[in-house]
Amino acid sequence: AKEMGTVVIASVRDIMPDGIDMRRVSELSSGIDAIFVHSDPGIKTMQGLPEDVKKKVVYTGFVVPKTPDSMKAREKIRKKLGVGNKKLIVASAGSGMDGYDILKRVINAKEKLDKKIESLMLMSTGPMMGKDEYVKLKKLAEGKGILLTDFNPDLIDYINAADLSISMCGYNSCLNAALTSTPTVVIPRETDMEQIRRAEAFERVGIVKSCTKNVELASLLEGMLNGGDKANDVNLDGAAFLARFLMEYGNLQHVKIRLS
């Protein structure tokens with residue numbers, strides 16, 4: 001491709017996985033013109049790169065599924081749920097494959113929290129949670145002001161309407177926090193260094209608060225609800241950046257970027 005004059009771009013999300021051979025990265029990057037990292041340059045997520053690779057990195061900004069003005073009306077959602085004067089908390093666990101323990105911890109924390117702050121919680125377990133685990137969570141959530149669902153196609157709209165969001169720390173979860181500016185607590189998967197590093201990086205710039213197993217979750221939620229700061233502004237124009245790039249180098253008149 002390079003011999004034919006083709007521009008070669010590598011496209012990556014925001015965190016390098018563990019076990020990367022940096023010498024191999026340098027070798028591969030020799031045939032690449034640029035490395036597009038879909039993150040904000042203020043969030044230092046690509047650490048430890050060799051100098052010859054680092055100079056090819058271009059931060060595009062986050063590629064988000066919606067724009068703030070395209071989301072459903074906040075008050076309309078809160079009225080639909082019957083929030084009233086309560087605080088609305090949205091909790092989710094990604095696909096749900098390994099989210100049972102985290103959501104069980106969240107339910108227990110809400111029970112403690114409600115002694116001080118009355119809240120309504122919308123909890124999305126994820127479509128891949130096992131049936132038995134879902135039933136256990138449903139039973140545990142009974143009578144505690146928790147609306148349980150396995151999948152919410154409009155999750156980001158509900159996060160935007162919430163006073164607080166709780167999630168794991170995948171790429172999309174952090175995007176939701178950045179896009180909506182809703183105070184967000186993340187509980188990174190303990191065995192996943194990518195999630196742990198992402199939590200550290202996003203917490204440094206004030207987008208999320210990270211809650212490890214040693215942190216008392218109910219106390220953290222109370223503090224966030226009483227005075228959680230809105231997330232810092234970050235670059236959310238990744239899709240527009242990519243469209244401009246493709247039109248310039250591909251001589252295209254129209255570009256549509258589809259997220260899946």
Discussion item. Using side chain to side chain contact (heavy atoms under 4.5 Å, CB included), reason through Leu225 and Leu113 one step at a time and then give a plain yes or no.
Written reply: CA-CA 10 Å; Leu225 286 172; Leu113 176 68; 3.8 Å; yes
Partners passing side chain to side chain donor-acceptor pair (under 3.5 Å) against [X] (at least two apart in sequence or in another chain):
X      : answer
Asn160 : none
Glu75  : none
Lys80  : Tyr158
Asn235 : none

Considering all heavy atoms, the nearest [X]-[Y] contact:
X      : Y      : result
Leu217 : Ile187 : CD2-CD1, 4.2 Å
Leu120 : Leu81  : CD2-O, 3.6 Å
Leu221 : Ala109 : CD1-CB, 4.2 Å
Ile207 : Val234 : CD1-CG1, 3.5 Å
Val205 : Gly42  : CG1-O, 3.6 Å

Within the structure provided, determine whether [X] and [Y] are in side-chain contact (heavy-atom separation under 4.5 Å).
X      : Y      : value
Arg198 : Pro188 : no
Cys211 : Arg105 : yes
Lys87  : Leu164 : no

Discussion item. Strictly below 4.0 Å, N to O, side chains only: are Arg197 and Glu200 in salt-bridge contact?
Written reply: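 No salt bridge links Arg197 with Glu200.
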Worksheet item: Between Lys144 and Asp114, is the closest basic N to carboxylate O distance under 4.0 Å?
Response: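 Salt bridge flag = no for Lys144 with Asp114.
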Worksheet entry | Neighbour count above 12 (heavy atom, 6.0 Å) for Met22 CE | yes
Discussion item. If you count every heavy atom of other residues, nucleotides or ligands that lies below 6.0 Å from Lys104 atom NZ, does the total exceed 12?
Written reply: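 Atom NZ in Lys104 is not crowded, with 12 or fewer foreign heavy atoms closer than 6.0 Å.
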Worksheet entry | Residues in ring pair (Phe, Tyr, Trp, His ring centres under 6.0 Å) contact with Phe36, at least two apart in sequence or another chain |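 Checked Phe36 against ring pair (Phe, Tyr, Trp, His ring centres under 6.0 Å); matches are Phe241, Phe245.
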Fill in: Inter- and intrachain pairs under salt bridge (charged side-chain N to carboxylate O under 4.0 Å, His left out), touching residues 160-172, at least two apart
Arg74-Asp163, Arg78-Asp163
Could you tell me which residues satisfy side chain to side chain contact (heavy atoms under 4.5 Å, CB included) with [X], sequence neighbours excluded, listed by chain and number?
X      : result
Asp21  : Arg23, Arg24
Thr125 : Leu103, Met129, Tyr134, Leu137, Leu148, Asp150
Glu203 : Val208, Lys209, Ser210
Glu216 : Lys112, Ala218, Ser219

Fill in: Short side-chain donor-acceptor distance under 3.5 Å, Thr67 and Asp69
yes
Worksheet item: Run the side chain to side chain contact (heavy atoms under 4.5 Å, CB included) check on Leu140 and Asn108 step by step: do they pass?
Response: CA-CA 9 Å; Leu140 188 62; Asn108 291 334; 4.2 Å; yes
Fill in: Hphob cluster co-occupancy, Met97 + Val186, side-chain heavy atoms under 4.5 angstrom
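Result: no, two separate clusters.
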Worksheet item: About how many Å separate OG of Ser124 and CG of Asp154, when rounded to the nearest 0.5 Å?
Response: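 Rounded to the nearest 0.5 Å, the CG-OG separation comes to 11.0 Å.
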Discussion item. Test question: given the 4.5 Å side-chain rule for I, L, V, M, F, W and Y, name all other residues clustered with Ile196, or answer none.
Written reply: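 Ile196 clusters with Met193.
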Under 3.5 Å, side-chain donor or acceptor atoms of residues 166-173 against the rest of the protein: list the pairs with distances, not counting sequence neighbours.
| unit_1 | atom_1 | unit_2 | atom_2 | d |
| --- | --- | --- | --- | --- |
| Tyr171 | OH | His38 | O | 2.6 |

